[in-house]
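Everything on this sheet refers to the single structure shown next.
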There are 2 protein chains.
Amino acid sequence: MEYQEAKDKFISTWGSLGTLWGINKAMAQIQSLLFISTKALSMEEIMEELKISRGNTSMNLRQLMDWGIVTKELIPGERKEFFTTEKDVQELARHIAKERSRREIKPVIKILKEVSSIKDDGTEKTKELIKQTKALYDLAETADAMMNKIVNQEQNWITKSLLKLIK
Amino acid sequence: MEYQEAKDKFISTWGSLGTLWGINKAMAQIQSLLFISTKALSMEEIMEELKISRGNTSMNLRQLMDWGIVTKELIPGERKEFFTTEKDVQELARHIAKERSRREIKPVIKILKEVSSIKDDGTEKTKELIKQTKALYDLAETADAMMNKIVNQEQNWITKSLLKLIK
DNA sequence: CTAAACTTTCAATAATTATTGAAAGTTTAT
DNA sequence: ATAAACTTTCAATAATTATTGAAAGTTTAG
């Protein structure tokens, strides 16, 4: 496999994975492109490379910046803006996990808490609703806390101990 | 908040969360409904409750069965089929994690391995592609292994206790 | 200040994905 | 074997989501 084929394969795979995780294709592809680029890219270069429109590029770059994984870089003497993504995978994972927790998991946990706190009127169906949503609440809380803990630790400590556990 | 409101809130929240995770709305809603139901439900009851068509119900029940989180239950003397979901949240999480790993994560890991194994032609861009996809590969492998480990903990615990009992 | 260079916005449109419902298929009771 | 009870399939359609491109907005050089 040559460079170009490998590059295209990577970008399209990452793009389709993004879709499954609630991130749209263009957004995931722009991030992939930046991730393997050796230099910051301009909007023009991104459009050209991925064959997407100016508007699409602009909107998705903004979203990536909102997620905190892409940053503008001003190059002296250049009028246009250049973009780079976080290059360290650990840091990237940390950002993504943090955002997903904030945007998706936390709001669900809040609803689960509300639902599991309704007053028990003694009927079987109410008892079941309370019991099951309480169990989900506990699971979601634990999973969320665990994810944040893992993702916020210093790389080596956690990787080492987990690798020990796994192996 | 009364029972009906809490129930609706739970089903719609869970439904919209599903969408974010690559599971469609109807599928997530059917699972939620079964999750808080005190008894197995027929297709008729599910359609009625969620206001969805017969075809939609049938297709999504099948998908849920493919995921291994819903099962058919035959009730003696009844001609129609009844459905239940896994009621234990740990077991549910285990199933979902296992399926996601198999369907989404493993295939991506495979591509990452391929891409990161292209021959190094000495150019900077090839070196960068190899370096970055290799880093992602390591991260994905670790994360996947970790997830499976965590999610299988409960089972291991149970397995261990059972083994003790048997021996 | 003005014009060129560049970015953002957003209504229109395209692409994708979910849903319906009726016909075809299957199973079971008699 | 047949008819009723039930489930599945799938082409048509609806709903949702992504993308375009041109107009409006912004910044900077001169």
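Below, chain A is the first sequence line, B the second, and so on; all start at residue 1. Worth knowing before you read on, the calculation uses all heavy atoms, side chains too, and leaves out hydrogens, waters and symmetry mates.
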Counting N and O atoms only, with roles assigned by atom type, does the side chain of [X] sit under 3.5 Å from a partner on the main chain of [Y], one being a donor and the other an acceptor?
{"X": "A:Thr13", "Y": "A:Lys9", "answer": "yes"}
{"X": "B:Asn148", "Y": "B:Asp144", "answer": "yes"}
{"X": "B:Thr142", "Y": "B:Asp138", "answer": "yes"}

So, B:Asp66 and B:Arg62, do they make that salt bridge, N to O below 4.0 Å? no
Please determine whether a side-chain nitrogen of the Lys or Arg among B:Lys127 and B:Glu124 lies less than 4.0 Å from a carboxylate oxygen of the Asp or Glu. no
[X] has an atom [atom1]; how far is it from atom [atom2] of [N], in whole Å?
{"X": "A:Met27", "N": "D:dT19", "atom1": "CE", "atom2": "C1'", "value": "16 Å"}
{"X": "A:Asn24", "N": "D:dT17", "atom1": "CG", "atom2": "C1'", "value": "9 Å"}
{"X": "B:Ile23", "N": "C:dT19", "atom1": "CD1", "atom2": "P", "value": "13 Å"}

What residues from residues 63-84 of chain A pass a heavy-atom cutoff of under 4.0 Å to DNA chain D?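 The stretch gives A:Arg79 as the residues lying under 4.0 Å from the strand, ordered by number.
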Using a strict heavy-atom distance below 4.0 Å, which residues from residues 34-60 of chain B are in contact with DNA chain D? B:Met43, B:Arg54, B:Gly55, B:Ser58, B:Met59
Dot-bracket encoding per residue of DNA chain D, Watson-Crick/G-U cut-off under 3.5 Å, | denoting interstrand: ||||||||||||||||||||||||||||||
Can you confirm whether more than 12 heavy atoms, excluding those of [X], are under 6.0 Å from its [atom1] atom?
{"X": "B:Gln4", "atom1": "CD", "result": "yes"}
{"X": "B:Lys87", "atom1": "NZ", "result": "yes"}
{"X": "B:Glu2", "atom1": "CD", "result": "no"}

Result of checking B:Glu91, B:Arg94, B:Gln31 against B:Glu86 for side-chain contact (heavy atoms from CB on, under 4.5 Å):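 When B:Glu91, B:Arg94, B:Gln31 are each tested with B:Glu86, the side-chain contact (heavy atoms from CB on, under 4.5 Å) holds only for B:Glu91.
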Cluster question for you: counting only ILVMFWY and a side-chain heavy-atom cut-off of under 4.5 Å, with indirect links fine, are A:Ile30 and A:Phe82 together?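 No, because A:Ile30 and A:Phe82 fall into different hydrophobic clusters, even though each may have its own neighbours under 4.5 Å.
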